[in-house]
Amino acid sequence: GANVSSLDMRTTVICYGPPEWMRSMAALADMARFYGLPVWGYGGATDAKTLDAQAGLEAALSIYTSFLSRNTLVHDVGYLEMGYTSSMEMIVLVDEIIAMVRYIVDGVPVTETSLALDAIDRAQPGSGFLADDHTLENWRHAQFIPRFLNRQRFQGWDAAGRPELFDRLNQAARKILAEHEVPPLPEGAEEEIARVLKERDRHHAEGGKG
């Protein structure tokens, strides 16, 4: 795939968060589909130097654009400072953004459960859905529940010591690094990787022809 970002004429920096890159990514994705090719895209990166409002804004817009463009492979998740810096906290935040955008683009499910016709029939004037068994059984997967975003009222957030988003992301990143176990590759995968690398070496040795 191609990469068409913008050169900031004031700083001579190749930017990772501009709308020009997002727009060109969508155009290139359309071209790739026209030719029947897979296409590279980007998302979850920023020009910000730290995990701040700019980082969240640019990451969210690029991820949303990448989803809507239907890119085959998405790169740059978690990059700060135009790709010069990587942030574990940013990776955790971007994972949350990706989950939120995926929830949106997956659309509204239309099933017997989601239509809840029986629950609607039971909700007579003067009553509601909160006390209905259907709500109790389905609310956890019927709505998006963030892992790190705070939805408390001010009083509750204040009483909890005003925890910052960065601190929650930092704790989560440290927990992942300490406890995560990488699952083994599927059977035969290592042999296939070795075969591909051997074929690449042979191809290079022959001068890259064929």
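All residue numbers refer to positions in the sequence shown, counting from 1.
The closest donor-acceptor contact from the side chain of T135 to the backbone of F129 lies under 3.5 Å. At least one donor-acceptor pair under 3.5 Å links the side chain of N138 to the backbone N or O of H134. Looking only at distances, a side-chain donor or acceptor of S5 sits under 3.5 Å from a matching main-chain atom of C15. Distance alone, capped at 3.5 Å, places no donor-acceptor pair between the S66 side chain and the G41 backbone. Between the side chain of S24 and the main chain of V4, a donor-acceptor pair closer than 3.5 Å is present. With hydrogens and angles ignored, the 3.5 Å screen pairs no side-chain donor or acceptor of E96 with any backbone N or O of P146. Within the 3.5 Å criterion, the main-chain N or O of P109 finds a donor-acceptor partner in the side chain of S114. At least one donor-acceptor pair closer than 3.5 Å links the side chain of T72 to the backbone N or O of V39. Put simply, the side chain of D52 gets close to the backbone of A55: a donor and an acceptor are under 3.5 Å apart.
You'll find the side chain of I14 stays beyond 4.5 Å of the side chain of M82, heavy atoms only. Between L7 and V13, the closest side-chain pair of non-hydrogen atoms is not below 4.5 Å. Within the 4.5 Å cutoff, the side chain of Q54 has heavy atoms near those of the T46 side chain. A 4.5 Å side-chain heavy-atom check between F67 and I104 finds every atom pair outside the cut-off. By the 4.5 Å heavy-atom criterion applied to side chains, D8 and T12 are not counted as neighbours. Contact check for E137 versus T113: no side-chain heavy atoms found under the 4.5 Å cut-off.
Note on L61: it does not cluster hydrophobically with V74, by side-chain heavy-atom contacts below 4.5 Å among ILVMFWY residues. The hydrophobic cluster containing L57 also contains Y79, counting ILVMFWY residues as joined when their side-chain heavy atoms lie under 4.5 angstrom apart, directly or transitively.
A perpendicular orientation is assigned to the rings of W21 and Y16, their planes being inclined by more than 60° (bins at 30° and 60°).
The distance from the CE atom of M25 to the CG atom of L68 is 9.0 Å, given to the nearest 0.5 Å. For the atom pair CG of L73 and NE2 of H75, the computed distance is 7.5 Å after rounding to the nearest 0.5 Å. Atoms OH and OG, from Y42 and S69 in turn, are 10.0 Å apart once rounded to the nearest 0.5 Å. Distance check: M88 CE to L177 CG gives 5.5 Å after rounding to the nearest 0.5 Å. Between D118 atom CG and D132 atom CG the span is 9.0 Å, to the nearest 0.5 Å.
Between D158 and R153 there is no salt bridge, since no side-chain N of the basic residue sits under 4.0 Å from a carboxylate O of the acidic one. Salt bridge status for R202 with E206: present, with a side-chain N to carboxylate O gap under 4.0 Å. Using a cut-off of 4.0 Å between Lys/Arg side-chain N and Asp/Glu carboxylate O, D30 and R33 are scored as salt-bridged. With salt bridges taken as basic N to acidic carboxylate O contacts below 4.0 Å, none links R23 and E20.
Side-chain contact check for Q152 and N150: at least one donor-acceptor pair (N or O, by modelled atom type) lies under 3.5 Å.
Shown here is E199, whose CD atom has more than 12 heavy atoms of other residues, nucleotides or ligands within 6.0 Å. A 6.0 Å sphere centred on CG of L130 holds no more than 12 heavy atoms belonging to other residues, nucleotides or ligands. Within 6.0 Å of NZ on K49 lie more than 12 heavy atoms contributed by other residues, nucleotides or ligands. For E187, the CD atom sits in a loose shell: 12 or fewer heavy atoms of surrounding residues, nucleotides or ligands are nearer than 6.0 Å.
Shown here are the side chain to side chain contact (heavy atoms under 4.5 Å, CB included) partners of Y35, two or more places apart in sequence or in another chain: L37.
Listed here is the closest heavy atom pair of L185 and I193: CD1-CD1, 4.3 Å. Considering every non-hydrogen atom in both G56 and I97, the closest pair reads O-CD1, 4.3 Å. The two atoms that bring R151 and F144 nearest to each other are NH1-O, 3.4 Å, heavy atoms only. In terms of heavy atoms, M22 sits closest to T65 at O-CG2, 3.3 Å. Across A172 and V92, no two heavy atoms sit closer than the pair CB-CG1, 4.1 Å. Shortest non-hydrogen contact noted between S87 and L80 is CB-CD1, 3.5 Å.
The side chain to side chain contact (heavy atoms under 4.5 Å, CB included) test with I176 singles out one residue from R174, H180, E179, and that residue is H180.
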Stepwise side chain to side chain contact (heavy atoms under 4.5 Å, CB included) test for F148 and L93: CA-CA 8 Å; F148 307 109; L93 174 63; over 6 Å; no
Intermediate values then yes/no, salt bridge (charged side-chain N to carboxylate O under 4.0 Å, His left out), R147 and D95: CA-CA 10 Å; R147 291 169 295 165; D95 185 61; 2.6 Å; yes
Side chain to side chain contact (heavy atoms under 4.5 Å, CB included) between Y64 and V105, intermediate numbers included: CA-CA 9 Å; Y64 212 157; V105 300; 4.1 Å; yes
Evaluation steps, side chain to side chain contact (heavy atoms under 4.5 Å, CB included), between I145 and Q143: CA-CA 6 Å; I145 302 176; Q143 59 180 215; 4.3 Å; yes
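The list of salt bridge (charged side-chain N to carboxylate O under 4.0 Å, His left out) pairs with a residue in residues 54-78, not counting sequence neighbours, is empty.
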